[in-house]
There are 2 protein chains.
Amino acid sequence: MSISERKKKILAIVVEEYIRSAEPVGSKAIAQSGQLKCSSATIRNELAELVALGYLEQPHTSAGRVPTPMGYRMYVNELMDRQRLGIQETEELNRRLNQKLQELDATIGAVSRLASQLTNYPALALTSSTSVTLKRIDLIYVDANTFIIVLMLSGNTVKSKLVKLPVSVDQEMMQRLSTLFNASFLGISASEMNPVLIHATEQAADDSLGLTAVIAAFAIETLTEANAPSASVFGENRLLNQPEFRDPDKAHRLMSYLAGGGYILPPSDTPGQTGEVKVFIGPENVAEELKDSSVIIASYDAGDNTRGLIGVVGPTRMDYSAVAAKLSVLAAGLSRRLGAGEAPPEGMHNKLIIKEPEDKHE
Amino acid sequence: MSISERKKKILAIVVEEYIRSAEPVGSKAIAQSGQLKCSSATIRNELAELVALGYLEQPHTSAGRVPTPMGYRMYVNELMDRQRLGIQETEELNRRLNQKLQELDATIGAVSRLASQLTNYPALALTSSTSVTLKRIDLIYVDANTFIIVLMLSGNTVKSKLVKLPVSVDQEMMQRLSTLFNASFLGISASEMNPVLIHATEQAADDSLGLTAVIAAFAIETLTEANAPSASVFGENRLLNQPEFRDPDKAHRLMSYLAGGGYILPPSDTPGQTGEVKVFIGPENVAEELKDSSVIIASYDAGDNTRGLIGVVGPTRMDYSAVAAKLSVLAAGLSRRLGAGEAPPEGMHNKLIIKEPEDKHE
DNA sequence: GTTGGCACTCTCTTTCTTCGAGTGCTAATA
DNA sequence: TATTAGCACTCGAAGAAAGAGAGTGCCAAC
């Protein structure tokens, strides 16, 4: 069922005005906005119909109108003009991105912090569960009681750890272990590094000191950690800027939910390609705590077939357009730097595809 | 100037009752608490004097009394019974600590998170500015375009990074560089790794590819980062539990201050020995944003002459006794695991020394 | 020095009133 | 038929007034 152009126009004005002011929008204000050439009375009629259709609602009888989640959805899908950042802004953003990029872990933290700063909403960084494996193991002999384990993972990240032992080892033993590990432990998952394999390696290395176990434990732990979906959140406090979170209890609920880190995407909503931005409005979110908030998520290529997500949480009255644009650029920038190889074509970083979640019942 | 025992007793009751209830404490309530055998009228007289002395104040004429910062200070210094955690509780805490300990960086994050959980206040982890130097540099050759830099720092932490080059290098060159770096770059500070030294090394290594610069840059960056005092905060949202932060603006102010990460200790307040807990009450804090909050900080030995701090922030109406006890145990546990060597004597972990900040004017 | 008694003060809560924005409806108009 | 002007009505927000209650300070008695 489609609605008239004028209704769409009015809906867009209501949404934008409400996003700006956080106050219910009245017919008069719409008429005065000068974007329509009809009187407030006409607009009142239209508004009444938009309410009947479910796009708007009234907090109470004699208040202005406020968009419903369905209204926002319509706005996001069809009405809003996809903002593109100006060249200047894009460059500024990329510049800030450049400063931050060192190592994957630190990066995603830094980027979500950046996202939060830019949008003035709490931001979350998610890495979806992946299958990182070992690419290489090195053991560096420091002294008789000390060595360093260096693991290179398939994501091209490197993890290292210093190990101090109560017993002494010699370099030759380390050499042997290193060779064995590189032979047996590469390319397999953490769960495949089972006691049997470890024991076999131990035997083969003639290791009576338990080094094998130490190294394997570190490998398993590192892989498990790298594979686990992780979430980090920054800028929770920015929620308190929003009038809808002036109630400390409400704010607290959402903030602890976010701090808990268990953000779940609506089912079957695997993130799409880089630059694509998904918007989850209010009840579209699965988590109870998010039912009256919105989440905007962009996906980026973290290299090695891994995708990362970076998102922003806010009230349903969010500046979807601006946030989506910013996230899109951030994600593109991240992809370009972390991604597998093929640099996206120039200009791509500013493209913006907005998808709605798959299951949009409700 | 000393005050009578009874006044002290009353002050203690007021503080504790206020900590518990967050409401001004009246004379009647004190009398009824049964800890004193005199009437409310007598207590009223005493209260009036305590107000005159500056230990208590009245929000308004006909309200109960509330401790002033000076009152809290007196309480912390002399009145409160130093809580000791029960054996059971201590063990529980240590158990949780055990799970968390992997690597220094991750650890302090995890521990401050733990501190926040245990105390239900926001927690901060600080590493004071130290002078970490390089202890060792290794270069691992991966393939012609790729190598790994492994730095071992004086704190016995290890940092590594994968470097991809647009040009190819050979193993022999890496060997040469590695030797040179280990000869010239160990034990010096980041600022001493100046262009002159780098250039000299570059020359000596006959490096026309700029590898030297890359490695040096990573070394400098790593050291700078390791040396910089860093702060991380967890559980900001717990502030919203506290009635004194029901005002979202107030909460927001403090939370953004904390998120900013620039927590500064009162001047000359270098943290003391492990197990020692310092309490900064309201205006004793230097930061404007903390003038009506309290900070409790424990210091731990992070190994290699480095001290770390772990602290908790809350309203002045804080459960000093309980928080101090918990932090003390946490700090002791951390020291035991990270610290240089000499394990603290058994039982030490439960000892609690509370120091006031040096400059206590105001 | 301690106690009971009592008038007083001040905030918090509740209730009531007022104000105004915005609506829905009707009748007139293009 | 769509639009517009006009107007009575509704409902929340904000302010004022009144009442309740907790706690005090002080006085006189013990």
Side-chain angles (χ1 to χ4, degrees), chain A residues 3-11 13-18 20-68 71 243-244 246-247, chain B residues 2-11 13-18 20-68 71 243-244 246-248:
Chain A
I3 60 177
S4 79
E5 279 309 310
R6 191 172 62 187
K7 281 201 182 56
K8 286 186 181 174
K9 184 73 189 163
I10 291 176
L11 178 53
I13 296 175
V14 171
V15 171
E16 276 158 20
E17 186 55 25
Y18 185 60
R20 206 188 53 73
S21 72
E23 311 233 307
V25 184
S27 56
K28 212 166 175 179
I30 298 174
Q32 278 170 357
S33 81
Q35 302 191 48
L36 287 163
K37 24 186 181 308
C38 55
S39 78
S40 67
T42 312
I43 292 171
R44 273 204 291 284
N45 291 331
E46 296 280 54
L47 287 176
E49 290 181 52
L50 283 166
V51 169
L53 291 169
Y55 293 107
L56 296 177
E57 64 188 352
Q58 291 177 283
H60 54 265
T61 329
S62 76
R65 307 306 207 282
V66 161
T68 60
E244 23 274 282
R246 293 209 66 81
D247 172 12
Chain B
S2 182
I3 59 176
S4 79
E5 279 311 309
R6 192 170 64 187
K7 281 202 181 55
K8 287 185 181 176
K9 184 74 189 162
I10 290 175
L11 178 53
I13 295 174
V14 171
V15 171
E16 276 158 18
E17 186 58 23
Y18 185 60
R20 205 186 54 72
S21 70
E23 311 232 307
V25 183
S27 56
K28 212 166 175 179
I30 298 174
Q32 278 169 358
S33 82
Q35 302 190 50
L36 287 163
K37 24 190 181 305
C38 54
S39 78
S40 68
T42 312
I43 292 172
R44 275 204 290 283
N45 291 331
E46 295 282 52
L47 286 177
E49 290 181 52
L50 282 167
V51 169
L53 291 169
Y55 293 108
L56 296 176
E57 64 188 352
Q58 289 179 285
H60 52 266
T61 333
S62 75
R65 304 312 206 283
V66 162
T68 59
E244 24 274 282
R246 292 208 67 81
D247 172 13

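Basis for what follows: all heavy atoms, side chains included, without hydrogens, waters or symmetry-related copies. Chain identifiers are assigned alphabetically (A, B, ...) following the order of the sequence lines, protein sequences preceding nucleic acid strands; residue numbering begins at 1 within each chain.
- Side-chain contact between B:Ser4 and B:Glu46 is present, with heavy atoms from C-beta onward closer than 4.5 Å.
- Between B:Leu56 and B:Pro67, the shortest heavy-atom contact is CD2-CA, 3.6 Å.
- In this structure, B:Asn45 has no side chain to side chain contact (heavy atoms under 4.5 Å, CB included) partners at least two apart in sequence or on a different chain.
- In plain terms, the two heavy atoms of B:Tyr18 and B:Glu244 that are nearest each other are OH-OE1, 4.4 Å.
- By the 4.5 Å heavy-atom criterion applied to side chains, B:Leu36 and B:Thr42 are not counted as neighbours.
- C:dT2 atom C1' lies 14 Å from atom NZ of B:Lys7, rounded to whole Å.
- In this structure, A:Ile10 atom CD1 and C:dT23 atom P are separated by 12 Å, rounded to whole Å.
- Between A:Gln58 and D:dT10, a side-chain N or O to OP1/OP2 separation shorter than 4.0 Å is absent.
- Counting any heavy atom pair closer than 4.0 Å across all strands shown, A:Ser27 reaches sugar-phosphate atoms only and no base atom.
- As a whole-Å value, the separation of B:Lys37 NZ from C:dG1 P is 18 Å.
- Counting all heavy atoms, side chain and backbone alike, B:Gly54 lies closest to B:Thr68 at O-OG1, 2.6 Å.
- At a threshold of 4.5 Å between non-hydrogen side-chain atoms, the residues B:Arg65 and B:Val51 count as touching.
- As rounded to whole Å, 15 Å separates atom P of C:dG24 from atom NZ of A:Lys28.
- Between the CG atom of A:Leu56 and the P atom of C:dG24 there is a distance of 11 Å, rounded to whole Å.
- For the pair B:Glu23 CD and D:dG23 C1', the interatomic distance rounds to 13 Å; values are reported in whole Å.
- Scanning residues 59-68 of chain B for heavy-atom distances under 4.0 Å to DNA chain D yields B:Thr61, B:Ser62, B:Ala63, B:Gly64, B:Arg65.
- DNA chain D lies under 4.0 Å from at least one heavy atom of each of the following residues of residues 41-50 of chain B: B:Arg44, B:Leu47.
- At most 12 heavy atoms of other shown residues, nucleotides or ligands fall within 6.0 angstrom of atom NZ in B:Lys28.
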Q | Residue pair A:Leu50, A:Ile3: steps toward the side chain to side chain contact (heavy atoms under 4.5 Å, CB included) verdict | A | CA-CA 9 Å; A:Leu50 283 166; A:Ile3 60 177; 4.3 Å; yes

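- A:Gln32 has its CD atom 12 Å from the C1' atom of C:dA21, to the nearest Å.
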